[in-house]
Amino acid sequence: MMDQEKIKEGVRLILEGIGEDINREGLVETPDRIARMYEEIAGGMYEDAAKHLEKRFHVDSGEMVLEKDITFYSMCEHHMLPFYGKAHVAYVPNDSVVGLSKIARTVNVFARRLQLQEQLTAQIADAFMDNLAPQGVMVMIEAEHLCMTMRGVKKPGSKTVTVVTRGVFDDNEQLQNRFYRMLER
C-alpha cells in the first residue's frame, strides 16, 4: 500500500523547495492532508477492476449497452496535475450484462491512478473484453487537462478526446456511428 511517511516527507521537501516555511500555521498539517488525499485519488492502483465485472445478469439480447457521461477525475502522470471529464462506455453483450453502476466503478478504478488519457481509455476497454467477454466494446473519453490549462500552453477549455474500439466495434462503421448518435441524445 501507500507509504504515508514518504508522501509527507516529499510534500515537506516541495514546500521547502519553493521557499515556504513548513512550520507556518497554514502549512503545518498540509503534508498529512496531502498524504490522505493521495490514498483517495490514487487508490485505484490497489484495486482490481475485474471484481466489479464479476456479477453478471443473463440476457437474451445482443444489443448495445451504453453508459454515457460518466464523470471521472484522474491525475496526469507527467505533471501530477488533474485531468477530468466524461467517459462513455458501450459494449455488445454475448449473453450477460453487468449492473450499470459497475461500468462507472470500472472507469473509476483506472481513473484513480497516475494516468495518460490514452492509456486510461484502453485500460477500460481491455477490462471489459478480458472480464466480461462481450462481442465488443467502445470507449470514448473527453477530458480537460490542467497541465494544458494552468501551465505550459495555457489553453483553458481545450478538451482531449480519445476513442478505443475492440471486437465488433473495430471495423464496423455503422455500429460506431450508432454509438456516436446515442451520445448526442
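The first residue of the sequence shown is numbered 1, and numbering continues consecutively from there. Just so you know, these numbers use all the heavy atoms, side chains as well, and skip hydrogens, waters and symmetry mates.
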Judged by atom type as modelled, is there a donor-acceptor pair below 3.5 Å linking the side chain of K68 to the main-chain atoms of R185? yes
Going by atom types alone, do H88 and E67 pair a side-chain donor with an acceptor below 3.5 Å? no
Any idea how Y91 and F128 line up, ring-wise: parallel (<30°), tilted (30 to 60°), or perpendicular (>60°)? tilted
Can you measure from NZ (K155) to CD (E144) and round to the nearest 0.5 angstrom? 13.0 Å
Check D130, D171, D126 against R166 for a salt bridge (charged side-chain N to carboxylate O under 4.0 Å, His left out) and give me the one that passes. D126
Answer yes or no: is there a side-chain heavy-atom contact under 4.5 Å between T71 and K86? yes
Could you tell me if T149 and K154 have a donor-acceptor pair between their side chains, going purely by distance under 3.5 Å? no
Verify the neighbour count for atom CE of M150: are there more than 12 heavy atoms of other residues, nucleotides or ligands below 6.0 Å? no
Run the salt bridge (Lys or Arg N to Asp or Glu O under 4.0 Å) test on K51 and E54 for me, step by step, so that the C-alpha distance in whole Å, both residues' side-chain angles and the decisive distance to 0.1 Å come before the verdict. CA-CA 5 Å; K51 76 176 186 173; E54 288 174 355; over 6 Å; no
If we count only N and O atoms by modelled type, under 3.5 Å, do the side chains of S74 and Q115 hold a donor and an acceptor together? no
For a salt bridge (Lys or Arg N to Asp or Glu O under 4.0 Å) check, start with the C-alpha distance between K6 and E9, then their side-chain angles and the critical distance, and finish with the verdict. CA-CA 5 Å; K6 279 188 178 179; E9 184 57 29; over 6 Å; no
Side chain to side chain, D95 and H58, heavy atoms closer than 4.5 Å: yes
Less than 4.5 Å apart, any side-chain heavy atom of R112 and any of M45? no
Linking I/L/V/M/F/W/Y whenever any side-chain heavy atoms sit under 4.5 Å apart, do L116 and M75 land together? no
Minimum side-chain heavy-atom gap L27-D21 below 4.5 Å: no
Other residues, nucleotides and ligands only: do more than 12 of their heavy atoms fall within 6.0 Å of OH on Y46? yes
Shared hydrophobic cluster, M64 / V168 (ILVMFWY, side-chain heavy atoms < 4.5 Å): yes
